[in-house]
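What follows is a set of notes on a single structure, which appears directly below.
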Amino acid sequence: MLLLGPSGAGKSTLLQALAGVLGGNDEGEQEGRLLIDGAPPDPGSGRAGMVLQDPDGQVILSRVGDEVAFGCENLGLPRDEIWGRVSWSLDAVGLRVPLDRATHRLSGGQKQRLALAAVLAMRPGLLLLDEPTANLDPAGAREVRNAVEQVLAQTTATLVIIEHRVDIWADLVDRVVVLGDDGGLLDHGDVASVLVRRGAELAAGGIWVPDHLPRFPSRSRTVGEALVSTDQLVVGRQGESDDFRLASPDLLVTSGRALAVTGSTGSGKTSLILTLAGLLPPAAGRVVASPALAGGVSSSEPHRWRSRELLTRIGTVFQEPEHQFLASTVRAELEVGPRALGLPRADADARVDSLLDRLRLRHLERANPFTLSGGEKRRLSVATVLAAAPRVLVLDEPTFGQDARTWAQLVELLAELLDDDRALVLSTHDQRLVKALADVQIRLGES
Amino acid sequence: MRAAYERTNPVARIAASLAIALCLVLTIDIVSAGVALALELALFLTLGMPARTFWLRTSPVWIAAPFTALTIALYGRTSGTVHAEFLLARVSDGSLELAAATGLRVLAIGLPAVVLMISVDATALADGLAQVVRLPARFVLGALAAFRLVGLLADDWRYLKLARRARGVADRGRLARLFGQVLALLVLAIRRGSKVATAMEARAFGGASARTWARESRWHGRDTVLVVVGFLVGAIALTASIVTGSWNAILS
């Protein structure tokens, strides 16, 4: 069964209630009754198993075999049976790695399949998947989808999925249930007929409906001026366990144009764009800012700039918005940049107000950034960077896990910025984003 | 010998290291530390650990010991002939003896601890603590899960630092910024922690059924032997110290 509905309709809440991890009366109100096998849901029974959106947030132990065994141990199963179930469920999700493989070495798709296997080993009657592919690249999403298909063929469990992307699951599910804005039941039926009846409405609510995909924004393409170029650049990171180096082709960042860096997870996209952004020093070679961008700063290499010099020239939107939040309200968050620049109060206010309206954050002005929804956090993180009005914007996976509505708004905003003669550098595995915006695409190979 | 040692229970390893340490902190003299160190080195040889591995793993101890000794030699309690004096530093017979005793003691306590503990796997230790020592599962597994999150926090810390540079606030107020960054890390850690706690609960952790353990952790004869050897090393060292009359109790 596929559960659809706009953000905030309570899909995840329903799933958590089914899993029995919703918390007690002190964390919210509850009306009516929910019964599984005639009893209130109890996570201790292992009857309902849940897989969440964030691949990193649900790994508990450090080895693959132990991770799968964890649930069975909690159910109090005998040792021999546990290991039998471990190999059966890893097999069912097609994760054929040694049992002592370190969990942090798995890819996102493998981690999600591991989470599925861990749940499966408990032999639940109800499998709950909460946007299991939202944080994965297309290859990872396919892995998970195929694993779920195999699992369905081998068990009699009921499957409930929440997902923004209908196309991934359309041929797997028997029934679609649509929730409305108020959390009430709006419609249900088989996939095809529900999509015909409700397609446009669902798309407006942020669901990726095959025949109602967001349109690409129009752009007035202007040839701009060169802002940043690279010369035999090598990026890399020296870690204790994950040393890596990547030789980049020579790149040119031009105003009014978008440069997209694509490639599989772990190919070095993030390192490359953070080096272009002047946040990481190059391992070799140079990143050079043109006089048009550097204007007034003594060095032409962005990583040598002071933090405040960087602010008005190259802005970076991180993949995880929470990493870049500094203040306790949305408004204060937007004031950080103008304040660091020492703008007069009135100017700063004007900038912040215009951004609040433009990115529809006005109603959240007093809210704490950490309490916003995924889409709101993304808009805020872009707005904080725009507050300093940099010529170059560097965005790391800006559309990662976003619903169709946020996606469309974001792409439209980015197109406006391009028409405003700014330059964009994007790292992404979202091919629609590349099609919608990119003027130049750099594909990075396997690392 | 070596194979048997490698199959010892992590709990036995902790106990053996503790036994040596407990004995050696009773007194501070050259004889006890020297005897313990000599016995330990002889035992390490029988383990057949490759020389390279041994030096690599224990290098921090070999570096720490002389520095500790040097500090004591310069600033330790003065007695006997004074050999050199400079500002607050005063090298005397007494401080030199104390320095040698302390330096050797750092080696005698540090080396076995490092050799025994460094190859211990966190999961195996948790299994041992839960099944052998019978600590509560909630405590042991919570600690184990938290241990895994430390790696993720290191990544968070890196991004928090970069993000502060990108936001234009990295030029001034180092201390205030560091404080803010620690606070942000704490927030992220708590959020990650509660996510993992939910994930654990969703997988029946803390449920009504008695928990079983997929990996068996048992106490074998070799584990007892290891702990007894630890105690013997300590006891022989203390006896030697008393017999030669060099006992120098710390608590006196």
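Naming: A, B, ... by sequence-line order, numbering from 1 per chain.
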- Task: Just do the side chain to side chain donor-acceptor pair (under 3.5 Å) check on B:D223 and B:T8 with the steps written out, would you?
- Result: CA-CA 6 Å; B:D223 298 312; B:T8 51; 4.7 Å; no

Using non-hydrogen atoms only, which part of [X] is less than 4.5 Å away from chain B: side chain, backbone, both, or neither?
| X | value |
| --- | --- |
| A:P302 | backbone |
| A:S381 | neither |
| A:D80 | neither |
| A:V385 | neither |
| A:I82 | side chain |
| A:A118 | both |
| A:F318 | side chain |
| A:L274 | side chain |

Spell out, as yes or no, whether a donor-acceptor pair under 3.5 Å connects the side chain of [X] to the backbone of [Y].
| X | Y | answer |
| --- | --- | --- |
| B:R177 | B:A170 | yes |
| A:R351 | A:A387 | yes |
| A:R313 | A:P390 | no |
| B:Q131 | B:S217 | yes |
| A:Q112 | A:L52 | yes |

Go through [options] and name the one with the most non-hydrogen pairs under 4.5 angstrom from chain B.
| options | value |
| --- | --- |
| A:G278, A:A115, A:G65 | A:G278 |
| A:F70, A:F370, A:W83 | A:F70 |
| A:L326, A:T316, A:T103 | A:L326 |
| A:E81, A:E322, A:R339 | A:E322 |
| A:R308, A:M50, A:Q324 | A:R308 |

As an exercise: rank [options] by heavy-atom pairs under 4.5 Å with chain A and give me the winner.
| options | result |
| --- | --- |
| B:A199, B:A202, B:A145, B:A163 | B:A163 |
| B:A210, B:A122, B:G206, B:G168 | B:G168 |
| B:V187, B:V196, B:D156 | B:D156 |
| B:R164, B:K195, B:R165, B:R192 | B:R165 |
| B:L149, B:V169, B:L152 | B:V169 |

- Item | Parallel, tilted or perpendicular, as decided by the 30° and 60° cut-offs, for the rings of B:F54 and B:F44 | tilted

Is it the side chain or the backbone of [X] that comes within 4.5 Å of chain A heavy atoms, both, or neither?
| X | result |
| --- | --- |
| B:Q181 | neither |
| B:R191 | side chain |
| B:L185 | neither |
| B:R148 | side chain |
| B:L188 | side chain |

- Task: Using the six-membered ring of A:W88, assess whether NZ or CZ of A:R123 lies under 6.0 Å from its centre and within 45 degrees of the ring axis.
- Result: yes

- Query: Checking B:R211 against B:W213: charged group under 6.0 Å from the ring centre and within 45 degrees of the axis?
  - Reply: yes

- Spacing of NE2 belonging to B:H220 relative to CG belonging to B:N9, to within rounding of 0.5 Å: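 One finds 8.0 Å between NE2 of B:H220 and CG of B:N9.
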
- Closest contact, heavy atoms only, B:A126 versus B:L144: CB-CD2, 3.9 Å

- Thinking salt bridges, do A:R63 and A:E67 make one under a 4.0 Å N-O criterion?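 Salt bridge between A:R63 and A:E67, a charged N being under 4.0 Å from a carboxylate O: no.
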
- Item | Under-4.0 Å salt bridge between A:E333 and B:R167 |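 Yes, this pair counts.
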
- In sequence, state the C-alpha distance, the side-chain angles, and the governing distance for B:W62 and B:T58, and then conclude on side chain to side chain donor-acceptor pair (under 3.5 Å). CA-CA 7 Å; B:W62 292 105; B:T58 57; 3.0 Å; yes

